[in-house]
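This report refers to the structure that appears directly beneath it.
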Amino acid sequence: MMHKTPAIVLGHSPYSESTLLVRLLTRELGVVRAMAKGARRKERRDQACWEPLAHIDVLLSLSGPDALGNVIEASPRTEGWPWLRRDLDRFAFAALGVEVLGAVAGLHPPSPLYYVAGERYLDRLGGAVAPGSLTIALLLGLLDEAGFPLRFADPDWSPETLPERLAWDETLSLLREAEPLEPATIPRPAAVALLELLRASDGGAAEPRIPPSAGRPLLRWLVRVWETHLRRPLASAHFLEKMVLDQSLSNNATKRR
């Protein structure tokens, strides 16, 4: 069957001398793997369609929902995200957010909600004052979608009463007070930011603003949570660490030196 749908490119890998194996987050079909024949040829004019996070319209031939498809044609959408090629900090955040979103979408039946969430996230990220905070909010929201919403051991904890360090109980998806020498804990400033973000009443409409001192450990912790849940490393996490987190999780990535 033929399907025409908008898509976000999650990634690609060589399939043969001239063919790419591409992974797409589509609006109509969910996550799709397909062969883009001839895409590796230098004379092809559509090579930009296969860059990570490219926004495209694609015509696919699919024999079944889980089958490897074939790309018949692809073209860039006019409302893409050109800032991704100019701002490597934002690209690093975008790669992490969309990688996790694509992983969650791939574990669920096809739904337009995942594509729409990715499109909205990338639309907002381009003009966000705090791209790291926006990415943290996305990763937290996806915990609910993946079926393990984050909870605090004491529902009455407040920013004033939180323990100095918290530990994550993977089995219960629960944050509890850490033992004195327990490794991989969350420091109190990051836990306060997390608590306030989870209890925000605006439903995600307003742009979150997390101080850099809290945002760095919180984002690193979320990477660990997702890698544990997915049981694989996040390919984008190393790039983000080197590009941004090793230096600063700036609240304004475009001004960071």
Side-chain angles (χ1 to χ4, degrees), residues 89-90 92-101 103-105 113-114 116-170 172-178 184-230 234 236-237 240-241 244-245 248-253 256:
D89 282 10
R90 290 177 195 269
F93 287 121
L96 177 64
V98 174
E99 181 179 358
V100 174
L101 178 62
V104 174
L113 294 176
Y114 300 108
V116 171
E119 193 176 52
R120 181 171 182 265
Y121 166 66
L122 291 171
D123 284 345
R124 296 181 70 189
L125 194 66
V129 174
S133 299
L134 193 65
T135 303
I136 287 169
L138 174 70
L139 298 184
L140 283 174
L142 289 172
L143 292 178
D144 288 2
E145 185 63 32
F148 60 111
L150 189 64
R151 297 176 297 118
F152 284 82
D154 186 341
D156 294 325
W157 273 339
S158 69
E160 295 74 30
T161 61
L162 276 172
E164 285 302 314
R165 297 194 313 161
L166 286 94
W168 180 53
D169 186 320
E170 175 193 350
L172 300 175
S173 190
L174 192 72
L175 278 168
R176 55 170 174 76
E177 185 170 4
T185 59
I186 306 174
R188 191 174 183 279
V192 169
L194 177 59
L195 180 65
E196 292 177 341
L197 197 58
L198 290 173
R199 293 183 177 176
S201 59
D202 56 29
E207 182 181 332
R209 300 286 295 275
I210 300 172
S213 59
R216 283 191 296 273
L218 184 51
L219 192 50
R220 285 184 172 115
W221 174 74
L222 281 167
V223 166
R224 293 199 306 271
V225 168
W226 276 109
E227 289 182 335
T228 300
H229 177 67
L230 297 172
L234 292 170
S236 55
L240 178 67
E241 184 70 37
V244 183
L245 299 184
S248 169
L249 185 63
S250 173
N251 273 350
N252 187 344
R256 187 182 60 82

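What you see is a predicted model; the values in this text were computed from it and never measured. In what follows, every heavy atom counts, from backbone to side chain, and hydrogens, waters and symmetry copies are set aside. The chain is numbered in sequence order, starting from 1.
The two residues Ser158 and Leu195 make their nearest non-hydrogen contact at C-CD2, 3.6 Å. Taking both residues in full, the closest heavy atoms of Val244 and Ala92 are given as CG2-CB, 4.3 Å, listed atom of the first, atom of the second, then distance. Of all heavy-atom pairs between Val104 and Glu145, the closest is CG1-CG, 3.9 Å. Residue His229 comes nearest to Ala146 through the heavy atom pair NE2-CB, 3.9 Å, listed as atom of the first residue, atom of the second, then distance. Heavy-atom minimum distance, Ala214 versus Ala190: O-CB, 3.6 Å. In terms of heavy-atom proximity, Glu227 sits nearest to Ala237 at OE2-CB, 4.2 Å.
At least one side-chain heavy atom of Leu125 sits under 4.5 Å from a side-chain heavy atom of Thr135. Using a 4.5 Å cut-off on side-chain heavy atoms (C-beta onward), Leu150 and Val225 make no contact. By the 4.5 Å heavy-atom criterion applied to side chains, Leu139 and Leu143 are not counted as neighbours. Glu177 is not listed as a side-chain neighbour of Asp154, based on a closest heavy-atom distance of 4.5 Å or more. Taking the side chain as every heavy atom from C-beta outward, Leu138 and Leu134 never approach each other to under 4.5 Å. At a threshold of 4.5 Å between non-hydrogen side-chain atoms, the residues Trp226 and Leu142 count as touching.
Ring geometry, Trp221 versus Trp168: the interplanar angle exceeds 60°, so the pair is classed perpendicular (tilted spans 30 to 60°).
A donor-acceptor pair under 3.5 Å links the side-chain atoms of Ser133 to the main chain of Ile210, judged by distance alone. Using modelled atom types, no side-chain atom of Thr185 and backbone atom of Arg165 make a donor-acceptor pair closer than 3.5 Å. Side-chain N or O atoms of Arg209 include none that pairs as donor or acceptor with a backbone N or O of Ala130 at under 3.5 Å.
Leu219 CG to Glu241 CD: the interatomic distance, rounded to the nearest 0.5 Å, is 9.0 Å. Note that CD1 of Ile186 is 6.5 Å distant from CG of Leu194, once rounded to the nearest 0.5 Å.
The closest side-chain donor-acceptor pair between Glu99 and Ser236 falls under 3.5 angstrom.
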